[in-house]
Amino acid sequence: MSGVDDEFPQPDGLHYLNHAAIAPWPRRTAWAVTAFAERNLCTGARDYPEWLLVEQRLRERLQRLLNAPSCADIALVKNTSEALSFVAFGLDWRPGDQVLISDEEFPSNRVVWEALNSRGVEVLQVSLKGVDPEGSLLAACGPRTRLIAISAVQYASGLRLDVQRLGHGCRARGVLLCVDAIQQLGALPFDVQGCDCAFAMADGHKWMLGPEGLGVFYCRSDLREGLALHEYGWHMLENPGDYNRSDWRPAPSARRFECGSPNMLGTMALDASLSLLEEVGMHRVGQALEDRVQALLDGLPGIPGMRLHSALNPLRRAGIVTFSLDGQDTARLFEYLKGHQVVCAKRGAGIRLSPHFYTTPRVIEGTLTLLHAFAKS
Ligand SMILES: Cc1ncc(COP(=O)(O)O)c(C=O)c1O
């Protein structure tokens with residue numbers, strides 16, 4: 001994509017198709033981290049008030065990316081799992097309450113709910129295999145269902161759900177919708193108001209092109225105070241700088257979920273990464289990613305033994321294409337690809353390829369050529 005090639009100076013032979021795992025940083029992110037290191041080296045935290053402005057800018061970028069009503073709805077968290085835990089251990093469960101998840105969730109969005117078993121909460125797994133996965137989830141809601149926790153895009157198959165339909169269905173049933181958005185945010189537009197979800201969370205190191213260790217937690221404002229807190233410290237307070245004060249209250253904003261000192265290094269990096277996505281625009285990012293995924297889907301069927309595990313319908317996918325080759329050992333194929341500098345993942349029963357909006361035709365064509373050569377060998 002013109003204008004951004006310079007941001008991703010990956011070596012010629014490298015085929016980076018692993019954004020659904022951990023993305024490379026853009027050049028500007030590497031620069032932001034280097035500049036931050038230099039400032040720490042030379043003047044320490046002397047200019048901390050300036051850093052707080054970057055943190056505020058990051059919150060605003062995340063608010064726009066999620067289309068959250070306000071910055072006050074955004075908490076900066078360690079990762080998706082932490083945010084999921086805030087929800088799971090913050091809600092006032094009653095014995096017999098039910099949580100619905102799918103049978104394809106990444107462990108983060110399964111174990112956190114199963115960990116509520118001791119409180120009498122039941123977790124039901126719903127299959128997404130049918131033609132109408134949203135219909136299956138909504139049909140599984142019963143009088144005891146309190147919450148549906150679902151990935152917007154499944155990590156292995158890449159199946160994308162219609163979260164808007166789910167959100168409206170949940171609201172009609174009085175059920176909370178919690179969306180693990182890590183496989184969509186930064187890949188395709190995502191809208192917490194459009195999908196009417198109660199909670200959404202994502203880490204920055206995949207499609208948002210940031211580092212590990214800094215993620216976002218959106219909590220709908222009317223639910224914020226009802227979520228019991230389990231981490232306490234100075235930073236989450238209404239008056240965080242007033243160290244001499246003996247009375248305290250959690251901040252009314254989502255900062256209440258940020259107990260202590262922020263991840264300022266991660267903030268510098270993620271702010272820079274998101275500035276790139278904003279410059280390109282999420283609509284263009286999504287369109288360019290769709291083109292790359294389509295190029296893979298056009299080329300893969302020509303490879304002998306090809307079995308696609310991902311949907312062909314563009315509305316049912318985001319940035320993930322997973323496949324296996326009949327008669328070929330997936331572990332051996334994975335090693336072969338690794339040996340030829342194709343960075344991808346072994347997920348589910350196949351190989352997962354995940355380009356991003358900037359992925360060049362050379363990377364896609366080179367990978368397809370390597371796959372042809374493997375299938376013939
Ligand atoms: C759907 C999904 N949720 C969560 C995670 C990871 O969560 P965390 O940010 O806690 O590492 C992944 C990582 O692959 C994922 O694919």
Side-chain angles (χ1 to χ4, degrees), residues 16-24 62 65-66 74-90 99-115 123 125-126 128 133 137 147-161 163 166 177-188 190 195 197 199-219 231 257-258 263 266-267 269-270 273-274 289 309-311 316-322 343-356:
Y16 205 100
L17 293 170
N18 213 17
H19 297 85
I22 299 182
L62 287 165
L65 193 63
L66 288 152
I74 300 294
L76 300 174
V77 294
K78 279 197 298 222
N79 46 46
T80 320
S81 306
E82 181 179 54
L84 282 164
S85 299
F86 286 159
V87 177
F89 289 89
V99 173
L100 299 187
I101 62 173
S102 85
D103 60 349
E104 300 184 21
E105 295 301 313
F106 190 76
S108 304
N109 193 34
R110 175 174 47 83
V111 298
V112 72
W113 309 111
E114 289 174 351
V123 181
Q125 291 192 18
V126 177
L128 301 179
L137 281 160
L147 180 134
I148 294 183
I150 194 81
S151 296
V153 175
Q154 290 301 325
Y155 79 102
S157 67
L159 180 75
R160 172 153 64 108
L161 292 185
V163 279
L166 273 181
L177 178 64
C178 176
V179 182
D180 174 344
I182 195 170
Q183 295 292 3
Q184 178 155 343
L185 205 59
L188 298 182
F190 182 75
C195 74
C197 63
F199 312 103
M201 54 285 289
D203 210 335
H205 61 267
K206 298 185 192 288
W207 305 95
M208 286 190 264
L209 304 167
E212 285 186 287
L214 183 56
V216 59
F217 173 37
Y218 163 79
C219 174
E231 291 185 1
F257 301 112
E258 304 171 2
N263 174 357
T267 295
L270 189 57
S273 300
L274 292 188
L289 176 57
H309 301 199
S310 299
R316 283 291 178 207
R317 58 177 200 250
I320 290 174
V321 177
T322 305
V343 185
C344 58
K346 199 150 55 70
R347 291 290 186 276
I351 300 291
R352 182 182 71 184
L353 304 177
S354 48
H356 208 329

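Values below: all heavy atoms of this structure, side chains included; hydrogens, waters and symmetry mates excluded. One-based numbering, in listed order, for ligands and for the atoms of each.
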Which ligand 1 atoms, with their elements, are less than 4.0 angstrom from a heavy-atom of Asp203? 8 (P), 9 (O), 11 (O)
Sub-4.0 Å heavy-atom contact, Ser108 with ligand 1: yes
Check salt bridge (Lys or Arg N to Asp or Glu O under 4.0 Å) between Lys346 and all other residues, then give those that pass, not counting sequence neighbours. none
Parallel, tilted or perpendicular: ring planes of Tyr155 versus Phe106, cut at 30 and 60 degrees: perpendicular
Answer yes or no for Asn109: is there a heavy-atom contact with ligand 1 below 4.0 Å? no
When Val153 is tested against each of Arg316, Arg317, Gln184 for side chain to side chain contact (heavy atoms under 4.5 Å, CB included), which residue passes? Gln184
Looking only at protein heavy atoms, identify the closest one to atom 2 (C) of ligand 1 and say how far it is in Å. Ile182 CG2, 3.2 Å
Thr80, any N or O under 3.5 Å of ligand 1 N or O: yes
Which is it for Glu105 and ligand 1 at heavy atoms under 4.0 Å: side chain, backbone, both or neither? neither
Under 4.0 Å from one or more heavy atoms of Asn79, ligand 1 contributes atoms 8 (P), 9 (O), 10 (O)
Below 4.0 Å from any atom of ligand 1, is there a heavy atom belonging to Glu82? no
What do you reckon, does Tyr155 have a nitrogen or oxygen under 3.5 Å from a nitrogen or oxygen of ligand 1? no
